[in-house]
Each structure stands twice: as C-alpha cells, then as structure tokens.
Amino acid sequence: MNRIYNFSAGPSTLPVSVLEDVSKNLTNYQGQGLSVMEMSHRSPSYMEIHANAKQSLRNLMNIPDTYEILFLQGGASTQFSSVPLNLLNPSGKADYILTGSFSKKAYKEALRYGDIQIAASSEEDDFTFIPNNDAINVRPDADYVHLCLNNTIYGTRFKPEQLPQFDNIPLVADMSSNILSEEYEVSKFGLIYAGAQKNMGPAGLTVVIVRKDLVGKAQDITPTMLDYATQIDKDSMYNTPPTFAIYVAVQVFAWLEEQGGIKAIEAINKEKAAKLYDYIDQSDLYQGTARKENRSIMNVTFRTLSEDLDKTFAKEAKEKGLYNLKGHRSVGGMRASIYNAMPMEGIDALIEFMKDFENENKRGIK
Ligand SMILES: *Cc1c(COP(=O)(O)O)cnc(C)c1O
C-alpha cells in the first residue's frame, strides 16, 4: 500500500489501522449483513455505536458527569452561532479573545446576537502570538468568554498551564484542531466544541461538551436544531445524526486508547513537534512564524527566506510524497499539520526532505 504523508490541516490523516478496520467492515458490519451507513439510527446496533462513542470520549477526556456530550452537524462554524444563541443569558454580554481567523469568525457571528466585546487580540501582530492573561479584559457580568485553544492557521496555542480563568464566567473553547492532543481539564470550561475532521475522524461530525447547568436558557429565536436542550433531550438524535462519521470516530477513540490515551499521545505529540521546531530553529533557511512560547504542537508554521522558495518547497515536497505543506493563503509560507495520527516516520521524512532542500538552495542564503 502506497500511502503519502498527509500534512493537511483538515480533513487530515487518520490511523491506517482504523481505515483498514473500517474497510473490512464496510459492506458487512460484524457479520450483520449491512454497512453502518445503511443502518437505522434507531437500531440496536447503531445505538450501541452511539453509546460507545460517548463513553469512550468521556473516558479519554475524563469528562465529569456534570457535562453532556453532543454529536452534531454543521461543523465548528455552526457553533459560532449556537454558542451565543444558547449562552447569552442573563446579561446578553460575551467577551471574545481573538487569536486567529476562526476566533474572529466566531466573534463576528456572535455580534448578531448580543453585546459582544473583544477581550484581547493579537491581530496587530498578524496573530503570531497568544495574549498574556493580564492583557485580557473581561467584563465581570459577561455570560461567557470565548477563545480558540489552537490556532490552526497561525500555529499558536493556549497551553493547558496558561489557560485564563475568570471568576464565575464560563470559558467557551473552540478545540477543533487540538482536541485529544494533550491534557486539558474539562472542568475549566463551560463548553468545548470541535469539528471532527482534524483529530477525531471524518468531516460531518461536530462534538460539543457542555456543562449541564448552562443549558436551557437559549434565546427564543434559537432554531430547534441549534438548541442544546433539544439535542440533550434527544441524545443527539432529534434528527438523523452523522452515523458513519460517529462510527469512524469510535474507531479513532479506540485507537487512541490503545496508544495509552491522551497523556501518552501528548508525550509523542510533544516529541514530534519538538523535533520539527528544533530543526527549524537551527536551520539557516527556515524560520518559524509563531512566537516560540506560544507554538502549537499540532500545526507547525514556518517559511523559507523567499516566497518563491516557499512555492518550490511545497512542490518538491509533494514529489517526495509529503503532501499539503503549503501554508494557509492568509499566512503564506508552509504549515505542517501533525495531528495524533501522523506517525514519527512522517516527521523524520519531512525533516530529511527539509535538509536536502536546504542543501540544494544554500547558495541564495547570506
Ligand atoms: C477547522 C476549524 C474550524 C472550522 O471547522 P468546520 O468544521 O469546517 O466548521 C473552526 N475552528 C478551528 C480552530 C478550526 O481548526
């Protein structure tokens, strides 16, 4: 089997063993004579998968019983609306920390529904850093504070130990690109949401983890489908859930459990990222684009000394089986997304290529 190393930011690489297991069961799931795709979502077989998904995620992330887990659709982007619609109560105020394109989109969407302010922003420096906690200004009566834990496009993250906390104001976090990658304490959040297509499975599934006491006070205009109370009441089956995506996510959760869980994968992720950053930092050709102390361990952003070389880099890397290394159009340069399923061999192959590319292109460098 000829697999490429896929450094895509999302949808992204999945564990090969999961893909193989899914394909083995594709037409005849566990000998039942049909595919999971073809099952009624009310059938006992599917209900078991659904329950399994919830329980596995609860175990992996150590999610307390005071939180509900929802499997929704519409991507993380739909949560940009669902969050304010459900949580802007009683004050109707919320404060947003802007650390990249996605948090800015979330902020703009929330403006439709209430009194929204920017608590801190790193936009003036092209989102290359995470604001210090003492630079975050939150109104004492805000209903929640929103932040994006890992900035997929810019390659920065809030480390678990630098997570801001505010007295009696729940923290709402977009964890789309770093869920299950390192340990964050769920109890420090009021709500966590994440699209599945970066670290959990195929596109089409969105996970929401919400503290129960925050639910039940949605604005009247909230569409039934976006009201967390509806979804909790119906166990994420008010309508047909994304059954196949949930099934694949179960396999990914099981794979992660086999790796030793989040603590174990965190150690590997840190090793993978450190290897890549160490190489970038000692090189004369490459430079990292995010501030060192705020670096993501999922999305590594860097560039060469010229835009032309950046283009050649992505092109030649692809010829070597290293795909999707071109940076996001708003940042340029390169981005290597190294989610849980990217093996160490992929990092080694990338560094090997970077060395060769540097040697070949040394002449242009002072
Ligand atoms: C990819 C991504 C999104 C958008 O997710 P969709 O599921 O495509 O809506 C939002 N936030 C972050 C941090 C992301 O990485």
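None of the values given here were measured: they were computed from a predicted structure. Just follow the structure's listing: the first ligand is 1, and inside any ligand the first atom is 1.
Shown in contact with S77 at under 4.0 Å from a heavy atom are these atoms of ligand 1, numbered in order with element: 4 (C), 6 (P), 9 (O). Of all atoms in ligand 1, numbered sequentially from 1 with element shown, those under 4.0 Å from a heavy atom of D174 are 10 (C), 11 (N), 12 (C), 13 (C). Taking a cut-off of under 4.0 Å to the non-hydrogen atoms of T152, the atoms of ligand 1 that pass are 12 (C), 13 (C), 14 (C), 15 (O). Atoms of ligand 1 found under 4.0 Å from any heavy atom of C148, numbered from 1 in the order shown, are 13 (C). Atoms of ligand 1 found under 4.0 Å from any heavy atom of G75 (numbered from 1 in listed order, with element): 7 (O), 9 (O). Under a 4.0 Å criterion applied to the non-hydrogen atoms of K198, ligand 1 contributes the atoms 1 (C), 2 (C), 3 (C), 14 (C), 15 (O).
Remark: distances from the non-hydrogen atoms of G10 to ligand 1 are all 4.0 Å or more. Close to ligand 1: Q197, with a non-hydrogen atom less than 4.0 angstrom away.
For the pair N150 and ligand 1, the shortest N or O to N or O distance does not fall below 3.5 Å. Polar contact with ligand 1: present for A76 (N/O pair, distance under 3.5 Å).
No part of A203 comes within 4.0 Å of ligand 1, judged by heavy-atom distances.
Results of the salt bridge (charged side-chain N to carboxylate O under 4.0 Å, His left out) test with E182 over R157, K263, K272 single out R157 as the only residue that passes. A side chain to side chain donor-acceptor pair (under 3.5 Å) with Y339 is found for exactly one of N299, N269, N6, namely N299.
Using a distance-only test at 3.5 Å, with no hydrogens or angles considered, a donor-acceptor pair links the side chain of Q231 to the main chain of M225.
For residues 207-221, the pairs satisfying side chain to side chain donor-acceptor pair (under 3.5 Å) are R211-D213, with sequence neighbours left out.
Annotation: cation-pi geometry not satisfied between K54 and Y67 (NZ/CZ under 6.0 angstrom from ring centroid, within 45° of ring axis).
Ring-centre distance between F71 and H50: below the 6.0 Å cut-off. Here F80 and Y107 keep their ring centres 6.0 angstrom or further from each other.
Ring geometry for Y286 against Y279 counts as tilted: the plane angle lies between 30° and 60°, on a 0 to 90° scale.
F102 CE2, 3.4 Å is the protein heavy atom nearest to atom 3 (C) of ligand 1.
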